[in-house]
Every structure is written in structure tokens, then in C-alpha cells.
Protein chains: 2
Amino acid sequence: MQLTKRQAEIYHYLLDNADHFDHPPSHDELCQALGLRSRGSLHKHIQALVEAGLVEPMDRTHRGIRLVEQAEPEAGIPFLGSIAAGRPIEAVTQPEFMQVPEELLGTRPCYVLQVRGDSMIDAGILDGDYVVIEQRDSARNGDIVVALVNNEEATLKRIEQQPGRVILHPANASMTAMNYTPDAVVIQGVLRGLLRSYY
Amino acid sequence: MQLTKRQAEIYHYLLDNADHFDHPPSHDELCQALGLRSRGSLHKHIQALVEAGLVEPMDRTHRGIRLVEQAEPEAGIPFLGSIAAGRPIEAVTQPEFMQVPEELLGTRPCYVLQVRGDSMIDAGILDGDYVVIEQRDSARNGDIVVALVNNEEATLKRIEQQPGRVILHPANASMTAMNYTPDAVVIQGVLRGLLRSYY
DNA sequence: TGATTTGTTCTCCCCTGGTTCTCTATTCTA
DNA sequence: TAGAATAGAGAACCAGGGGAGAACAAATCA
């Protein structure tokens, strides 16, 4: 259902101030905060929000103006899919969330990918491991990064950036490093943590 | 259940003053403290708190207003210390707790140790990694276990149990497996997960 | 055991606050 | 430009929240 301008205004006020109130506000308090003089007018708006499913119906209970539980902040960080050298990231249809120790998180947003293949095995990253990736578009030489190559292949490699070229080093004695021009390689994130499940 | 404003007020008063009382307060004392003149009125509020599960039901016992212990669910599993081949587990003085994805947990209690040394490097377990250990006293051949050897040395190795002897295999080409009698090796847990932090 | 606390129940009452209604002003739209 | 939609004011209504106090019963104390 479409909100009117005023309804949206009031809804946003409620959103912004949800934590300011120690108790849900009464109609009178809200009227004052919103510059209304009539409880009746406010009630009409609140009623519209209830019908739109944004506010809990409050059947005569006092101080009952409560926002509908927004999708509770899903704990953890999203598990997005799997990464295998030479293919695009294979996304899961429904992102799941994984609880990750804070020690493995950076300040920037992070996500989790599952590693396919053995290209980083000498760095202790095995087939099936989960890697925590911090979203960044730049990296320092020596970092292990998720890189998008030629706009189609995603890969997890150690990066070496030199003037005029970018080298992606696997960590596998049986594989060789690859050379690219800088504009062929887009850094999508930097390896920040690793999770492995046995059994 | 949602508390009314007054109920929340009283509950917070109880929380704030829980330690001030040498014994749980009587209704009369609380009335005085809260500025109420009627025990009956207070009783209604306390009753609501009991129904909300915040106050112990006090079936007619005198001076019985007691808060329900809010067993705050300690998030995560304990980080106990570090394990290095050939030494006892070095315990941290104050166990910290780490958030660990459910995928790495078993049904039994788990704890976290930090790995010191390179003895399992060929299994992708590096110096500094955190391992999630499930408490068990037995393991299957091939499992990586925390084993207490000769009642003094703790070590993380792949186990092979044969009639009359136990072999602990490192995963490092430059190290050799060790043979023990079964009673010299006590299994303390089985490797269940691994966490690694880069940077 | 009798007196005193103290928890419980109940009834009465007032005020706050949600609801409903009507009336009016303004803005938008066909 | 007329009618609809949107907004607000304010009155009236009444249920819920909160308190007072009496009466009672169980626990505790002297």
C-alpha cells in the first residue's frame, strides 16, 4: 500500500526515534513531537501505518505505538557463494549468514565465500574452506585477494602489482603465475580470515 | 510480554537496587521507596513482573521479592589457550569467548586453541591458526586430535590406533611419526574446525 | 499461643490515553 | 472548476492503567 507524504514523514520519524523512547510513545507525546494539536488526526495516520503493516496494531493498549519488527539484524555476515579459479563467483540463491568471530572481521563490510580448487593449497587454503573477504577495491602487494579478471573470471590469488602489469600468484607448486594489464584485473576484496570445517 | 510504563519503572528500580538490600525487600519497604501507599497496588505490578518472567514467583513467603537470574547466554565458545607440540596446553588466565559459526560446532562441548608450530602445516594448519576442538575421549583413525602424551605433553596430530600401539602422525615432511603405548596417550578432543586471521 | 508482619485479593475510583466522529482547510486531479 | 484526496482541529466516548484502602490468610516472631 502506498503511503501518503505525511504518513511517510511520521513513519520515518518513528524509525529515527525508535531508540530515543524508553517506552513506546503515547499519541499525545507524538503529537507534540510532530507539531500536531489533535490526537484524532495523528490516530488516523497511525491507523494507516498499521494497515500498511508498518506499525503493530495496538488494540486500545496504552503506549502501544510500536514498529513492526523489521527483519532483525541478521547476526553474522553473508555467505555469498563459491569461488573457483577461472570462473565467476557462483552465487547461492539465498544468502545465508555465518557467525564469524570479530577477530576475523575488519572495519569494512565482509562476506564469506567457499573456496573450490587447490590453487592456494600451499598457503594453507584447502578445497572447501570458507574465506572471509573484506570488501575493498585496492590491496597491498602480497595480499591474497578476490580478483575479477577480464570482467568474467573471479579468482583467489596472491597479488603483485607492478607499474604496467599485475601478477596473480597461485600458491601451488604445480601452477604458474599469470600476468595481466592493470585494467584487466579488478580487486573485489582482500582475504581477512579463514574457516574450515572437518567431518 | 510487554511491560507497561510503570511496570518497567518498578523493574528497573529493582534492578538498580538489587544490591542495596541485604535481604529481599518486603512489599511495604518497596511501597515506601516507590512512593506508593497501597501494598495492593504494588502487588499488582509485581504480579505482572512475575508473569513476565522477570521476578521469581513468591508463593506467600515473606520478604520474597527476588529477581529472576537473567542467565545471559554467553555468546560463543571459550578460547582456552595455545597448543604446541611437546608442551602442555598453555592456558590463558581469563578464558575469552569466540563467536564461531554453527557449522564448525558439534553436538558436544567445544573449545578453541591456538596452534603453535608447523607440525601440521601439510594439512593446512599453520602456526597461529585457531582450532575448534570437540571434547571427546575417543577418535577414529585418521582424525586429527588433541592428545595428552605421558600425562604432560599436549599435541595436535593425526591419530592412528592399532592393537597395542598408538601412532601420532605430524603433517610435516620434515617430521616423523611417534609411537606410543595406548595408555601413554589420552585423547582430549577431536579437531572440528579451523579459524585463521590474516593481517 | 497470641501478636504482628507481610503477602494476597477485592472493590472502588480517577485519570490517561486510544478511538471515533464531525467539521474545516488545503492540495491535487480529471 | 468541481470533486476527491489529504490533513488537521476538537469534542465526545470509554477502556485500560494505576492507585487507595479494607479485609483476609499465611508466615513469622515473641
Side-chain angles (χ1 to χ4, degrees), chain A residues 1-70, chain B residues 1-70:
Chain A
M1 194 184 117
Q2 192 68 24
L3 294 186
T4 68
K5 194 175 165 192
R6 191 68 168 129
Q7 284 161 15
E9 228 175 279
I10 292 177
Y11 179 55
H12 285 125
Y13 179 87
L14 287 174
L15 278 182
D16 291 344
N17 293 278
D19 12 327
H20 289 205
F21 300 110
D22 39 351
H23 307 283
S26 70
H27 280 186
D28 268 349
E29 285 168 357
L30 267 185
C31 278
Q32 206 158 6
L34 292 163
L36 284 172
R37 282 207 246 168
S38 158
R39 260 181 296 159
S41 309
L42 176 65
H43 180 260
K44 245 190 301 183
H45 290 130
I46 299 292
Q47 214 44 40
L49 293 179
V50 169
E51 274 160 37
L54 298 171
V55 168
E56 297 277 357
M58 45 178 297
D59 196 37
R60 297 201 162 271
T61 54
H62 283 198
R63 306 193 153 266
I65 299 177
R66 257 184 286 268
L67 295 176
V68 165
E69 276 309 310
Q70 298 308 94
Chain B
M1 192 184 115
Q2 193 68 26
L3 296 185
T4 68
K5 193 180 177 189
R6 190 71 168 126
Q7 285 160 15
E9 238 175 85
I10 293 176
Y11 180 56
H12 285 126
Y13 178 87
L14 288 174
L15 278 181
D16 291 344
N17 294 279
D19 359 323
H20 288 204
F21 299 110
D22 40 350
H23 45 70
S26 71
H27 280 186
D28 266 346
E29 284 167 355
L30 267 186
C31 277
Q32 206 157 8
L34 291 163
L36 282 173
R37 283 205 248 169
S38 158
R39 260 180 298 158
S41 308
L42 176 65
H43 182 261
K44 247 192 297 184
H45 290 128
I46 299 293
Q47 214 44 39
L49 294 179
V50 169
E51 273 159 39
L54 298 171
V55 167
E56 298 276 358
M58 45 177 298
D59 197 36
R60 298 202 161 273
T61 54
H62 283 198
R63 309 196 144 269
I65 299 176
R66 249 183 289 270
L67 294 176
V68 167
E69 280 306 315
Q70 294 303 87

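In this text, all values refer to a predicted model and were calculated from it rather than measured experimentally. Here is the naming used below: chain letters follow the sequence lines, and residue numbers restart at 1 for every chain.
Contact between A/Cys31 and A/Arg39 at its shortest, heavy atoms only, is SG-CA, 3.7 Å. In this structure, B/Ala8 and A/His23 approach most closely via the heavy-atom pair CB-CE1, 3.3 Å. Taking every heavy atom of both residues into account, B/Pro24 and B/Ile65 meet most closely at CB-O, 3.5 Å.
The nearest whole Å value for the distance from the CD atom in A/Glu9 to the C1' atom in D/dA7 is 11 Å. Rounded to an integer number of Å, the gap from A/Lys5 NZ to D/dA7 P is 9 Å. Atom CD in A/Gln7 sits about 10 Å away from atom P in D/dG8, given to the nearest Å. Taking atom CG of residue B/Leu42 and atom P of nucleotide D/dG18, one finds them 13 Å apart after rounding to whole Å. The distance between atom CZ of B/Arg37 and atom C1' of C/dC13, rounded to the nearest whole Å, is 14 Å. Atom CZ in B/Arg6 sits roughly 14 Å away from atom P in C/dG17 (whole-Å rounding). If you take CD of A/Gln32 and P of C/dT16, they are 14 Å apart, rounded to a whole angstrom. C/dG17 atom P lies 17 Å from atom CG of A/Leu36, rounded to whole Å.
Counting heavy atoms from C-beta outward, B/Ile10 and B/Leu42 have side chains that approach closer than 4.5 Å. Contact check for A/Glu56 versus A/Thr61: no side-chain heavy atoms found under the 4.5 Å cut-off. Between A/Leu15 and A/His12, some side-chain heavy-atom pair lies under the 4.5 Å cut-off.
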Under 4.0 Å protein heavy-atom contacts per nucleotide of nucleotides 6-11 of chain C, with B for base, S for backbone only and - for none
BBBB--
